[in-house]
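Just so you know, ligand 1 is whichever comes first in the structure, and atom 1 is the first atom listed for that ligand.
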Amino acid sequence: MSPNCILERVATTKSTNDDLLARWRAGELIDPVARIAREQTAGKGRAGRVWLSNPEDTLCFSLAHPFYKSPNELSGLSLVIGLAVIAGIAAALGISETALHRQGLRLKWPNDLLINSAKLGGILIEGGQANPSSPTWLVMGLGLNLRNVNIIKQHLGANASLEAAALDQLMPNQMTAPDTEFIWLKLIESFESHIAQFTQHGFGHFQHRWKQWDAYDGLAVYISGAGKEPISGIASGVNDTGALLLNQNNKTIAIHAGDISLRVQS
Ligand SMILES: O=C(O)CCCC[C@@H]1SC[C@@H]2NC(=O)N[C@@H]21
């Protein structure tokens, strides 16, 4: 399998998300496009934060894709993309997802990847619908700390020849390519297959699987950014729209947006 979308590579840009968003606003996006940059000079994180990257060990890319769904139906997408990143890393390293789980890979609601509690990557989804008759174009940006990915690989002694053979199949004219290229292509393939399943079945299809990777399931947490005051409770998985379920005094509430942190027990 190889990616179906248009693949673009640039050395430096301000932000791969902004590049694709500008084209969407100008009405220039027709087919899905994936854009990778070795370096971003103005990378963006969630909630207006800056995303700092280092060309030596960070992978930055965005995929722009059209969706024919209502905003409500799209609510679980960022969680599905988290699962797509896990599957993509497993495919790139030639190992099972179970092995990654054993190595401490987890998802932090709504869109961070953690490795043994340290941040491995983050996802930023932006975009919208230009007019009621057009699809919703979403730009799904991923920043991944490759040094941590390679540490997983070293731990597992992943099969380097498998990687070379697969790369040769994907890019027959490319004599040599850095690991980053291979990981990127595997991630794009995984994004595409997960998006296809999400489009067909919605988030409910992934709800159970997401829970297995949930970094904070059953733990005391607080959520900031969901209201004026932080909300605390016990994280209890996600519902079938991808909202975080928080248990407070035997009542369960659904949180649709915010930042989750572990509550330090005194
Ligand atoms: O953790 C976060 O807050 C999300 C980080 C998302 C970073 C990626 S890197 C590629 C794409 N372009 C950007 O400017 N941001 C996203």
Checklist entry - Taking side chain as C-beta onward, heavy atoms only, is Glu97 less than 4.5 Å from Gln212? => result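 When only atoms from C-beta onward are counted, Gln212 and Glu97 do not touch, as no gap falls below 4.5 Å.
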Next on the checklist: Using side-chain heavy atoms (C-beta onward) and a distance below 4.5 Å, is Gln129 in contact with Ser134?
Outcome noted: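 Yes, their side chains come closer than 4.5 Å.
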As a test of reading the model: which N/O atoms of the protein lie under 3.5 Å from N/O atoms of ligand 1, and at what distance?
unit_1	atom_1	unit_2	atom_2	d
ligand 1	1 (O)	Lys119	NZ	2.5
ligand 1	3 (O)	Arg46	N	2.7
ligand 1	12 (N)	Thr16	OG1	3.3
ligand 1	12 (N)	Gln40	OE1	2.9
ligand 1	14 (O)	Ser15	OG	2.8
ligand 1	14 (O)	Lys44	N	2.7
ligand 1	15 (N)	Lys44	O	2.7

Checklist entry - For Leu245, what are the other residues in its hydrophobic cluster, where any two members join if their side-chain heavy atoms are less than 4.5 angstrom apart? => result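 So far as hydrophobic clustering goes, Leu245 is joined with none.
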Item to check | Test side chain to side chain donor-acceptor pair (under 3.5 Å) applied to Gln248 - qualifying residues, sequence neighbours left out | outcome: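 Gln248 satisfies side chain to side chain donor-acceptor pair (under 3.5 Å) with no other residue.
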Next on the checklist: Consider side chain to side chain contact (heavy atoms under 4.5 Å, CB included). Of Leu21, Asp18, Thr16, which one does Val139 pass it with?
Outcome noted: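 Of all the options given, the one that passes is Leu21.
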Could you go through residues 70-91 and list every donor-acceptor pair under 3.5 Å that involves a side-chain atom there, pairing it with any protein atom two or more places apart or in another chain?
unit_1	atom_1	unit_2	atom_2	d
Ser70	OG	Glu73	N	3.3
Ser70	OG	Glu73	OE1	3.3
Glu73	OE1	Ser70	N	2.8
Ser75	OG	Asn72	O	3.0
Ser75	OG	Thr241	O	2.8

